[in-house]
Amino acid sequence: IFIGYQVNRNISLKIRNLDQYTEIMQTLINSGVNEVGYVTLLSSKEDELRQQAKEKAIKDVKNAVKSLARSFDVKVGDLYRVSGDPLGNDRAYALEKNVSGSRIRRANIVNDSFEPGNIEIEETIYAVYLID
């Protein structure tokens, strides 16, 4: 039984002014588009934001190490090892701290308007300190 055709067309749009997102999405829907997927948000300031996130992660690690050392009545020694990647078998000894980042949330439809979602920049620092 022939019911009809399904036609798909992929297009890619680059919007430099995010304030236009709602209007563009509404125009697409009004013109007959009934499915939108793979909305990807990127920031022109990603490198700068990633550096800020890394600095915050490092600061958080240092504060957490000091707090843990006080709790265990020990003194923090030298930094033994640090990495942005898990430290292998030493992971049990690693202090991990996350700062919000590079997850992309889906676009939402709210009250007949479209919201593009959020960009999160995340950096993780793994550190091992010696104790005295």
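Because the structure is a prediction, the values reported are computed rather than measured.
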More than 12 heavy atoms of other residues, nucleotides or ligands under 6.0 Å from [atom1] of [X]: is that the case?
{"X": "Y5", "atom1": "OH", "value": "no"}
{"X": "E23", "atom1": "CD", "value": "no"}
{"X": "L130", "atom1": "CG", "value": "yes"}

Only residue of T27, V33, I29 satisfying side-chain contact (heavy atoms from CB on, under 4.5 Å) with S31 is V33
Rounded at 0.5 Å granularity, tell me how far [atom1] in [X] sits from [atom2] in [Y].
{"X": "L18", "Y": "I119", "atom1": "CG", "atom2": "CD1", "result": "8.0 Å"}
{"X": "Q52", "Y": "K45", "atom1": "CD", "atom2": "NZ", "result": "9.5 Å"}
{"X": "T22", "Y": "M25", "atom1": "OG1", "atom2": "CE", "result": "9.0 Å"}
{"X": "I3", "Y": "I1", "atom1": "CD1", "atom2": "CD1", "result": "7.0 Å"}

Taking all non-hydrogen atoms of both residues, which atom of [X] and which atom of [Y] are closest, and how far apart?
{"X": "E123", "Y": "A57", "value": "O-CB, 3.9 Å"}
{"X": "Y129", "Y": "V76", "value": "CD2-CG1, 3.6 Å"}
{"X": "L79", "Y": "V128", "value": "CD1-O, 3.5 Å"}
{"X": "V61", "Y": "A127", "value": "CG1-CB, 3.8 Å"}
{"X": "N17", "Y": "I15", "value": "O-CG2, 3.0 Å"}
{"X": "I11", "Y": "L28", "value": "CD1-CD2, 4.3 Å"}

Are side-chain heavy atoms of I125 and K54 found at a separation under 4.5 Å? yes
Please report the C-alpha distance between N30 and Q26 in whole Å, then the side-chain angles of each, then the deciding distance to 0.1 Å, and finally whether the side chain to side chain donor-acceptor pair (under 3.5 Å) criterion is met. CA-CA 6 Å; N30 292 346; Q26 191 61 58; 3.0 Å; yes
